[in-house]
2 protein chains.
Amino acid sequence: MDMTERKQKILAAVVESYIRTGEPVGSKNLLTELDFSVSSATIRNEMADLADMGYLEQPHTSAGRVPTTLGYRYYIDKLMNKMELNEADCKSITKTVSSGSGDPEQLLEKAGEVIAKLTNCAAITTLPSGDRATVRRAEIVPVSNRTAMIVLLTSAGTLKSKACRSDMPITQQTVERFYSVCASHFIGKPLEDIGTVMLQTLVASLGEFALEMSPFFVALADLAEDALRSDVLLEGQANLFNHRELDGNVIELMEFLRKGDPIAKLIARGTDDVDIRIGTENEYKQLANSSVIISHYDINGERSGALGIIGPTRLNYAKLIPYMQFVSGLVGKILTETLEE
Amino acid sequence: MDMTERKQKILAAVVESYIRTGEPVGSKNLLTELDFSVSSATIRNEMADLADMGYLEQPHTSAGRVPTTLGYRYYIDKLMNKMELNEADCKSITKTVSSGSGDPEQLLEKAGEVIAKLTNCAAITTLPSGDRATVRRAEIVPVSNRTAMIVLLTSAGTLKSKACRSDMPITQQTVERFYSVCASHFIGKPLEDIGTVMLQTLVASLGEFALEMSPFFVALADLAEDALRSDVLLEGQANLFNHRELDGNVIELMEFLRKGDPIAKLIARGTDDVDIRIGTENEYKQLANSSVIISHYDINGERSGALGIIGPTRLNYAKLIPYMQFVSGLVGKILTETLEE
DNA sequence: TTTAGCACTCAAAACAACTGAGTGCTAAAA
DNA sequence: TTTTAGCACTCAGTTGTTTTGAGTGCTAAA
């Protein structure tokens, strides 16, 4: 059985109608949406074929048809016409997103809010990854006799800090030693190089000061690791409740989102500019009823992070994909401007 | 009509039974829970009285009785026996809470997680307020030709940072000038004193450097303001779904929690050691079906922040109040140790 | 190949009956 | 005066039945 043009038109009409209404689409209703006239019986035959081919399915015998994952996939890859961006929307998005202070975290948070609102989905965003980042600055700030804050600033603009206790009193010498070791061993080094191995040799070389100083460098290494791990921000999770087809799964889904780890993987694996995962195409079973659209952003031409949305499979792909591309482009542009020049 | 001892016993039994089962309590069932024997008819008469007095109500004519806000209040203030803490629980709580790095934010986050889990409610925690905090350190870190990170560390251990753009190139002189102004105008000053007024006089006094420097000090003032605002952390919101009596309100409730502002007020206004707000006692209508238990913690004997839970009115007050007191006491103790000495 | 027609399916809505926990009231018992 | 047994009544919730209507597949004629 081959995919005639008429079948394509019918499939597209079913997908679009279902996306619009959320109701299974029957042969009679479909008539009004097609640009050629045949009887409902003909449509029925074609729809039965499309069902055989795996593009459509029926919730139950006496209901209309609903697209399968395969159906959505065919539609998105071959049939869909991307919608044009609405000028006014672009402006308001740009305004909201750029309103922040320039802090990457705040920017991504804003961007997440915007797409969550715009798409009525849960939004996920990742901060610029520190893959190539180096240590720009390390500081020690005594807070009390035996505690100090250790602060790390990376070349990617990430700032991390941690309180740290020592078993010995912190003196002016301690501080000076810290800075001198930092200058020789940390500043300018890639974050990736600061691991347990590097730390061990360092501590060994400290000699008599090892006991005094090591807690601080351990803390610093922790911070470096922390800065490397690309943080995931979540926005608009509550939007998931607006989609009744997700009912019952929402809580489970939110629980899944809460532990950012799988999300980070989800985002990391995409290679295309925009990644779309429909229902069971997702490797995580918690997402089997959801679709994910992920759009990456580049800083200085280099893939650095991504924005994504998670919602029901019944997403308005034609509209949302361009929007996601727009926002991620915007984020990339702003971050490139902030961090370079 | 006066509150006889028998009425008190009956009220307590109704409240406790309802808290345990979630079902309206009928006269017959109540018989088994009372330490004196009368007939169900007698109970019915007494319950009718209690209803007249405003302590109980009926969902509908042929259902049992449910405590009103007033009923809970009377129970908590006059009838309840606080439960003893379970030794093993205390230990495991202490272990979890103290496992962090000493960073206040991490500590409160952990504490929030613990109480959310323990109480099966949504947990709110506030970071130690910076009311009396002073500027400990201010740093400027050039990130590019025209952008710099401004970093503020307060005496309360709060660290805030912000990216900041200038219209003029940032030179070594810029940096030096920044530090010299900081040393004279910011370091050691209370955060509260850094307002627009202070800023205006400062900028005026900068003379020819005003244009070059002011963005950084504006950013610094922003950070100070930010550090003053006591951040609210949320944990375990999803727990709210486990309470069917909140059904339908959960989304609205979560939305309310998400904007931290009213929460901050909620917490700030309490004066007692432990604050309990039942249902309509809450000033926010979104909380009309919920109860809130807030327990404050002290650092160095000074009221500094609080932990709270939000759940249905049907909370096990006798058990949860001591737990909240325990955890907030623990948090206060740990923070006192970390920040002083 | 298309279409009209028809018998069939099945979820959802509407309706009806039943159940049972619980009530309030009354009149007798303590 | 207080307590209790007894009884009629209420009403949410469950269960079962019927009706409705959108939609299907198949067949036979166009």
Side-chain angles (χ1 to χ4, degrees), chain A residues 1-11 13-15 17-18 20-68 71 244-245 247-248, chain B residues 1-11 13-15 17-18 20-68 71 244-245 247-248:
Chain A
M1 203 166 340
D2 53 346
M3 193 55 141
T4 61
E5 197 188 321
R6 192 168 71 182
K7 280 198 174 59
Q8 289 189 333
K9 280 187 177 170
I10 290 175
L11 175 56
V14 171
V15 172
S17 167
Y18 183 66
R20 189 151 26 79
T21 67
E23 298 295 328
V25 188
S27 52
K28 218 165 182 175
N29 270 311
L30 208 52
L31 283 179
T32 62
E33 318 226 356
L34 292 169
D35 58 358
F36 54 90
S37 335
V38 286
S39 76
S40 64
T42 307
I43 306 278
R44 272 205 292 287
N45 288 331
E46 294 282 52
M47 277 166 78
D49 285 355
L50 285 166
D52 284 346
M53 294 160 82
Y55 294 122
L56 298 178
E57 66 186 351
Q58 286 178 287
H60 55 88
T61 17
S62 69
R65 297 297 205 307
V66 165
T68 60
R244 66 181 170 324
E245 58 265 57
D247 245 25
Chain B
M1 204 166 341
D2 54 345
M3 193 56 143
T4 61
E5 196 187 324
R6 192 168 71 180
K7 280 198 174 61
Q8 290 189 333
K9 280 187 177 172
I10 290 174
L11 177 55
V14 171
V15 171
S17 167
Y18 184 66
R20 190 152 24 79
T21 67
E23 297 294 329
V25 189
S27 52
K28 218 165 181 177
N29 270 311
L30 209 54
L31 283 178
T32 63
E33 319 226 354
L34 291 170
D35 57 358
F36 54 90
S37 334
V38 288
S39 76
S40 64
T42 308
I43 305 278
R44 272 205 291 288
N45 288 331
E46 294 282 51
M47 278 165 78
D49 286 353
L50 285 167
D52 284 345
M53 294 161 82
Y55 295 122
L56 299 178
E57 67 186 349
Q58 285 178 287
H60 55 87
T61 15
S62 69
R65 296 295 204 311
V66 165
T68 60
R244 66 182 169 324
E245 57 266 58
D247 245 25

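All chains are named by letter (A, B, ...) in the order of the sequence lines, taking the proteins before the strands, and each is independently numbered beginning at 1. From a predicted model like this one, the values you see are computed outputs, not experimental measurements.
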Could you state the atom-to-atom distance from [atom1] of [X] to [atom2] of [N] in whole Å?
X	N	atom1	atom2	answer
B:Tyr18	C:dA21	OH	P	19 Å
A:Glu57	D:dG23	CD	P	17 Å
A:Ile43	C:dT1	CD1	P	16 Å
A:Leu56	D:dG25	CG	C1'	16 Å
A:Met47	D:dG23	CE	P	9 Å
A:Leu50	D:dG23	CG	C1'	17 Å
A:Asn45	C:dA4	CG	C1'	12 Å
B:Leu31	D:dT3	CG	C1'	13 Å

B:Ser62 side chain: which of D:dG25, D:dT24, D:dC11 is closest? D:dC11
In sequence, state the C-alpha distance, the side-chain angles, and the governing distance for A:Glu33 and A:Arg20, and then conclude on salt bridge (Lys or Arg N to Asp or Glu O under 4.0 Å). CA-CA 12 Å; A:Glu33 318 226 356; A:Arg20 189 151 26 79; 2.9 Å; yes
Establish, with yes or no, whether the OP1 or OP2 oxygen of [N] is under 4.0 angstrom from a side-chain nitrogen or oxygen of [X].
X	N	value
B:Thr61	D:dT10	no
B:Arg44	D:dC7	no
A:Ser39	C:dT3	yes
A:Thr42	C:dT3	yes
B:Arg65	C:dT23	yes

For A:Ser27, is there any backbone N or O sitting under 3.5 Å from a side-chain donor or acceptor partner on A:Ser40?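 Not confirmed, A:Ser40 side chain does not pair with A:Ser27 backbone.
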With A:Met47 as partner, the option from A:Asp52, A:Leu30, A:Thr42 fulfilling side chain to side chain contact (heavy atoms under 4.5 Å, CB included) is A:Leu30
Please determine, for D:dA30, whether a Watson-Crick or G-U wobble partner exists with both distances under 3.5 Å, and give it or none. C:dT1
Across all strands shown, which nucleotide pairs with C:dA7 by Watson-Crick or G-U wobble geometry, both distances under 3.5 Å? D:dT24
Applying salt bridge (Lys or Arg N to Asp or Glu O under 4.0 Å), run through A:Glu23 and A:Arg244 and close with a yes or a no. CA-CA 11 Å; A:Glu23 298 295 328; A:Arg244 66 181 170 324; 3.5 Å; yes
Using heavy-atom distances to pick each residue's nearest nucleotide on DNA chain D, tell me which of A:Val25 and B:Ser40 is more 5'.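 It is B:Ser40 whose nearest nucleotide is closer to the 5' end.
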Result for 5'-nearest mapping on DNA chain D, choosing between B:His60 and B:Ala41, is B:Ala41
Which part of the nucleic acid does B:Asn29 contact within heavy-atom distance under 4.0 Å: base, sugar-phosphate only, or nothing?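 Sugar-phosphate contact only.
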What's B:Ser27 touching, base or sugar-phosphate or nothing? Going by heavy atoms closer than 4.0 Å.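 Sugar-phosphate, backbone atoms only, no base.
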Determine, stepwise, if the pair A:Glu46 / A:Arg6 fulfils salt bridge (Lys or Arg N to Asp or Glu O under 4.0 Å). CA-CA 8 Å; A:Glu46 294 282 52; A:Arg6 192 168 71 182; 2.7 Å; yes
